[in-house]
Amino acid sequence: MIEIKGTMSFAGGVHPQENKRFTEQRPIELFTVGKQVAILLGQHIGAICKPVVAKKEAVTAGQVIGRAEAFVSAPVHSSVNGVVKDITLQSHPVLGRAMAVIIETDAAADNVKRPCPQRFGADFDASAWDPVRIREAIQEAGVVGMGGAGFPTRVKLEPNPQMPKDVIIINGCECEPFITCDYRVMTEWTHQVLAGVQLAARAAECSNVKIAIEDNKPEAIKIMHKAVRECREAKNIEVVPVRTKYPQGGERQLIKAVWKKDVPVGGIPPMIGVVVLNVATCAAIAEAVVCGNPLTHRVATVSGSSIARPGNYYVPIGTPVADLIDYCGGLDEKIAKVILGGPMMGFAIADLSTPITKTGGAVTLLTKEEITRAKYDRRETPCIRCGRCLQVCPAGINPTRIAHAVKHGMLDVADQYHMNACIECGCCSYICPANIELTGYIKTGKILVARAKKRMPQ
Ligand code: SF4
Ligand code: SF4
């Protein structure tokens, strides 16, 4: 038996109300696609894709519609059978607007894609697959980090003699309140996830793998541990329970907890020999390599106390948030905020035509009362210098000094206080008794610095 209680963790962090109860027991359900999808041409870190379809062109599900033309990029595919209606600017949760291919679905075609976990079992043997071919299949399928960052997975796994990989950490933490899609993927598609883990290890030429799961998910820990033990080829894979604390699923915090190393500020995990992959990404790797399927669908949680049918849905990428909400019972008059993602790190959206992307695993609906209780809407008062924001900051920086500098236009001072080390987790805003939107100030400061740098002569 595996010890469920996790001892590994990081410094700082908070314990927000988990609110997983709305959806954690809801099995993954197929979603019926609506009239149209909007597939963004940039759903990843790196160069955005070049559209390779034209207006009025018929497309089939799985067809490439955006080609990746740079090393750090990933192609995008149609998630439905239909006709290209337009290639135009579309609402984007972070950028405001971004280019997308709008596809009208063919009502006569079968547009329901079924997942394929039954293709994977304890006898899966990754050694039958050539590492180069695994990496090619991952790239062709447009697989990117599905936990939120969207870094192209092939680039992460590419072996580099200058930076050999010591460990692959599989992120099964899902520390954001409300969200349960990764939990369902781990418990329902266990062998598919494990097959993806083994393929990733082979592609990265690194056999040392730790599957990290927060100890508030005992069922996932037990099921994954059992699957690892049953699998002949998974000798160097270990399931490690980690302590439940937000943001335990943050890449840097997870590495610190499991591998006891710090990623340098401005650096990336491969610099210290680490690769972090989300569990849903592993499932996508397995599907891409073994079934030859591109990443056209993902499991997304729709949750909140006021939605009639909260759940975990297998959704075509490009589906408008409005369609998902309608499918789950529609907007209740009590709902005051729609968030793409979770309440800590997600983005509040006003335009419900914003589409689901490869990285967007949740829609959270909050009522006015929940927002007020969580302090999001209360009036800001002066800082009382309690120091709580410093205590909870997992990046070890001084949120109040940085926010003060940004508020007064002193961006150079904010920079000196290591503003760029902020991972935008929201812990400081959450804990602040003066209701100061510290994370908001810091995000604004980062944008202003980035804009100023762009204007500077080379
Ligand atoms: S300063 Fe950034 S990293 Fe630190 S708690 Fe605030 S949002 Fe999180
Ligand atoms: S938590 Fe809020 S009140 Fe306390 S020091 Fe930080 S900014 Fe000031």
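Reckoned from all heavy atoms, side chains included, excluding hydrogens, waters and symmetry mates. As the structure lists them, so they are numbered: ligands from 1, and atoms in each ligand from 1.
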#### Entry: Sorted by chain and number, the residues that approach ligand 1 to under 4.0 Å with a heavy atom
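Around ligand 1, where the cutoff is 4.0 Å for heavy atoms, the contacting residues are Cys393, Pro394, Ala395, Ile397, Pro399, Cys422, Ile423, Glu424, Cys425, Gly426, Cys427, Cys428, Thr439, Ile442.
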### Task
May I ask you to say whether Glu140 pairs ionically with Arg135, meaning some side-chain N is under 4.0 Å from a carboxylate O?
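No.
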### Message
Any carboxylate oxygen within less than 4.0 angstrom of a Lys/Arg side-chain nitrogen, looking at Glu251 and Lys156?
### Response
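Lys156 and Glu251: salt-bridged.
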### Query
Does Glu370 use its side chain to pair, donor to acceptor, with the backbone of Thr367 at less than 3.5 Å?
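At least one qualifying donor-acceptor pair exists.
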### Query
Does any N or O in the side chain of Arg309 come within less than 3.5 Å of the main-chain N or O of Gly329, such that one atom is a donor and the other an acceptor?
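Not confirmed, Arg309 side chain does not pair with Gly329 backbone.
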### Query
Against heavy atoms of Cys383, which atoms of ligand 2 measure under 4.0 Å?
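Listed by number with element: 3 (S), 5 (S), 7 (S), 8 (Fe).
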#### Entry: No-hydrogen, no-angle side-chain donor-acceptor test under 3.5 Å, Thr180 and Thr23
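Checked: Thr180/Thr23 side chains pair up, N/O donor to acceptor below 3.5 Å.
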### Task
Identify, with sequence neighbours excluded, every residue that meets salt bridge (Lys or Arg N to Asp or Glu O under 4.0 Å) alongside Glu18.
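If we apply the salt bridge (Lys or Arg N to Asp or Glu O under 4.0 Å) test to Glu18, skipping adjacent residues, there are no hits.
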